[in-house]
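Numbers for residues simply follow the sequence, beginning at 1.
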Amino acid sequence: MPSWIGAVILPLSGLLLSFPAGADVKARSCGEVRQAYGAKGFSLADIPFQEIAGEHLRICPQEYTCCTTEMEDKLSQQSKLEFENLVEETSHFVRTTFVSRHKKFDEFFRELLENAEKSLNDMFVRTYGMLYMQNSEVFQDLFTELKRYYTGGNVNLEEMLNDFWARLLERMFQLINPQYHFSEDYLECVSKYTDQLKPFGDVPRKLKIQITRSFIAARTFVQGLTVGREVANRVSKVSPTPGCIRALMKMLYCPYCRGLPTVRPCNNYCLNVMKGCLANQADLDTEWNLFIDAMLLVAERLEGPFNIESVMDPIDVKISEAIMNMQENSMQVSAKVFQGCGQPKPAPALRSARSAPENFNTRFRPYNPEERPTTAAGTSLDRLVTDIKEKLKLSKKVWSALPYTICKDESVTAGTSNEEECWNGHSKARYLPEIMNDGLTNQINNPEVDVDITRPDTFIRQQIMALRVMTNKLKNAYNGNDVNFQDTSDESSGSGSGSGCMDDVCPTEFEFVTTEAPAVDPDRREVDSSAAQRGHSLLSWSLACTVLALQRLCR
């Protein structure tokens, strides 16, 4: 006997339970359900033509139904897949924001370093010719170490910059004193006088502050974009609990079982289900918002006193200025070194017998604007950071907002304007329970989802910890301090591979901008005329010194 005949001859009391007085007999047909079920790609072989008794159902109301056990199982899996897709789609914006902005910032930074190195190389070849080419590895090593630091290498910026100036002093000291022979021990003694003699003027101190601060901020910022990207990618891939899957099935597909495939869940009903299923994700929100705030603070530094573009763009001008300082003070520097390190041995007479090429020209001249490299990545740091800031602000509270975003979807719920004609988990009627607050602990009385509030999601807690560590590093970068990215044992420590402040004093933003940040016009020509003035002073540099230096270098 067909199952639907058995359903018809059930006791009257059971019949009245399922069909209220005045119910339309056509409501007992499963035609609409069959059509909707088939549209999902399922086979119609097991679905009845008429409603059957529902004692076999484990999730949906055990009343007259269009669902078999097989259908309930398949629709449960379908609800799980749809929920996972909804979360992934809803978090698509925040994920693509971090992926695309990380890519743009990284491209910009790398190209900025490449352009700065090329600009310095081209300028120094034209300005110093063979003098530079024979010693170019000193400058190449500087950029190599800056790149290695940016990519996460274990580089102490301050020590690396100190080493650069010490090496440059050693090379130049030999060039300006070619009549002497210097042993390795003697040159090591020379380098120890770098801080005391200040042979390069104030340029090394200013550049150290500017480079350390800007590189710390840039590296930490791009690391923050990486962490945000990874956290967003991981959190958007949810694994619903059995209790969540039951609640999803009841909300999304029990209307099918009741013969109401076109009736969508009530909005508030959806919110309670989603808040229960996404309780751990909501707990991520507090740390996520602190992380976004810290990213925005560092972004402001990148736009202002820690602007990496304003530091790297004129770095060739600054280093050339330092070299000219050394040239102008060469006699005083040499005298003090000889006094401190002892009188060096004379060089063989052969070294002073060579003449300088006639075409050697030591006059410093900045490039014309058209000779400068193009702006990195086709944009400026200010425009890039402004764009990133706007996107970051939109990503705040994204995890606690997930339930609201999902339940606003017209394909999911009946909306807030249709509170009487929606599915409330039992029938087509208004949903009465109150909406739960966000987070795991607030789900203890969730009427729709069975949530164990004593067992926080370990995976989500790992993401919270990753954000917390990154936020601490961003705060340090905001203050000009570096933190080793491998050191996560002491989150409150400010120690690391370098500091952006000299003598434990951080200049204010105003001081940094007005006294230390190089002023550059739109064509990248430095407004300060000191470099050009020093360039002209090279004309008075001793010809003998030039000849001897060339002989020493070109030997």
Side-chain angles (χ1 to χ4, degrees), residues 33 35-43 59-60 67 70-100 228-257 260-285 288 391 394-395 397-416 422-423 425 436 438 440 443 446 448-451 457 459-460 463:
V33 178
Q35 185 177 357
Y37 187 73
K40 294 287 182 182
F42 296 118
S43 170
I59 299 174
C60 297
C67 284
E70 292 78 9
M71 287 177 63
E72 192 178 42
D73 290 341
K74 289 179 180 178
L75 290 173
S76 290
Q77 283 302 309
Q78 181 68 16
S79 63
K80 174 180 179 292
L81 292 174
E82 289 183 9
F83 169 71
E84 292 171 348
N85 291 335
L86 278 170
V87 174
E88 195 160 353
E89 290 170 9
T90 306
S91 60
H92 179 262
F93 168 77
V94 69
R95 288 184 289 113
T96 54
T97 290
F98 278 90
V99 170
S100 62
R229 178 190 67 191
E230 295 304 313
V231 169
N233 282 335
R234 291 166 182 165
V235 175
S236 64
K237 291 176 172 56
V238 293
S239 298
T241 63
C244 173
I245 295 173
R246 288 179 61 86
L248 290 167
M249 168 61 194
K250 187 178 178 182
M251 181 183 83
L252 295 174
Y253 287 112
C254 282
Y256 279 52
C257 297
L260 303 169
T262 60
V263 178
R264 301 196 185 283
C266 301
N267 185 73
N268 289 354
Y269 174 34
C270 173
L271 285 175
N272 274 343
V273 172
M274 292 301 161
K275 288 196 175 197
C277 288
L278 297 169
N280 284 283
Q281 281 75 7
D283 282 347
L284 184 76
D285 221 41
W288 175 266
K391 297 298 187 296
L394 293 175
S395 70
K397 300 183 179 179
V398 64
W399 306 113
S400 62
L402 274 180
Y404 297 91
T405 308
I406 291 173
C407 294
K408 282 181 182 177
D409 193 331
E410 294 180 354
S411 66
V412 177
T413 70
T416 56
C422 56
W423 175 252
M436 298 292 101
D438 300 327
L440 185 64
Q443 307 311 309
N446 191 310
E448 309 304 336
V449 188
D450 182 17
V451 181
D457 189 299
F459 182 74
I460 295 295
Q463 308 315 306

Value rounded to 0.5 Å, distance of [atom1] in [X] from [atom2] in [Y]:
{"X": "F98", "Y": "E230", "atom1": "CZ", "atom2": "CD", "value": "11.5 Å"}
{"X": "E89", "Y": "I406", "atom1": "CD", "atom2": "CD1", "value": "9.5 Å"}
{"X": "K275", "Y": "E448", "atom1": "NZ", "atom2": "CD", "value": "13.5 Å"}
{"X": "Y253", "Y": "Y37", "atom1": "OH", "atom2": "OH", "value": "10.5 Å"}
{"X": "T96", "Y": "N233", "atom1": "OG1", "atom2": "CG", "value": "10.0 Å"}
{"X": "L278", "Y": "I460", "atom1": "CG", "atom2": "CD1", "value": "9.0 Å"}

Tell me, do [X] and [Y] make a side-chain contact under 4.5 Å, heavy atoms counted?
{"X": "Y256", "Y": "M71", "value": "no"}
{"X": "F83", "Y": "M274", "value": "yes"}
{"X": "L284", "Y": "V231", "value": "yes"}
{"X": "I59", "Y": "S76", "value": "yes"}

Taking the two cysteines C266 and C422, do their sulfur (SG) atoms come closer than 2.5 angstrom to each other?
yes
Would you say the SG of C407 sits less than 2.5 Å from the SG of C270?
yes
Let me see the working for C254 and C60 under disulfide bond (SG atoms under 2.5 Å apart), right down to the final yes or no.
CA-CA 5 Å; C254 282; C60 297; 2.0 Å; yes
Side chains of residues 238-252: which donor-acceptor partners sit under 3.5 Å, not counting sequence neighbours?
| unit_1 | atom_1 | unit_2 | atom_2 | d |
| --- | --- | --- | --- | --- |
| T241 | OG1 | C244 | N | 3.1 |
| R246 | NH2 | R58 | O | 3.0 |

Are the side chain of [X] and the backbone N or O of [Y] linked by a donor-acceptor pair below 3.5 Å?
{"X": "E72", "Y": "C67", "result": "no"}
{"X": "N272", "Y": "M436", "result": "yes"}
{"X": "D285", "Y": "S400", "result": "yes"}
{"X": "R95", "Y": "E88", "result": "yes"}

Indicate the atoms forming the closest heavy-atom contact of [X] with [Y], along with that distance.
{"X": "V94", "Y": "A232", "result": "CG1-CB, 4.3 Å"}
{"X": "A282", "Y": "D438", "result": "CB-CB, 4.3 Å"}
{"X": "V235", "Y": "Q281", "result": "CG1-CG, 3.6 Å"}

Just grab all the salt bridge (Lys or Arg N to Asp or Glu O under 4.0 Å) pairs involving residues 75-86, residues at least two apart or on different chains.
K40-E82, K80-E84
My understanding is that only residues two or more places apart in sequence, or in another chain, count here; which of them pass side chain to side chain contact (heavy atoms under 4.5 Å, CB included) with T405?
T90, A401
Does [atom1] in [X] sit with more than 12 non-hydrogen atoms of other residues, nucleotides or ligands closer than 6.0 Å?
{"X": "D73", "atom1": "CG", "answer": "yes"}
{"X": "K397", "atom1": "NZ", "answer": "no"}
{"X": "Q35", "atom1": "CD", "answer": "no"}

Classify the ring geometry of W399 against W288: parallel below 30°, tilted from 30° to 60°, perpendicular beyond 60°.
perpendicular
Assess the residue pair V398 and F93 against the criterion (side chain to side chain contact (heavy atoms under 4.5 Å, CB included)); give the C-alpha distance rounded to whole Å, side-chain angles, the decisive distance to 0.1 Å, and a yes or no.
CA-CA 10 Å; V398 64; F93 168 77; over 6 Å; no
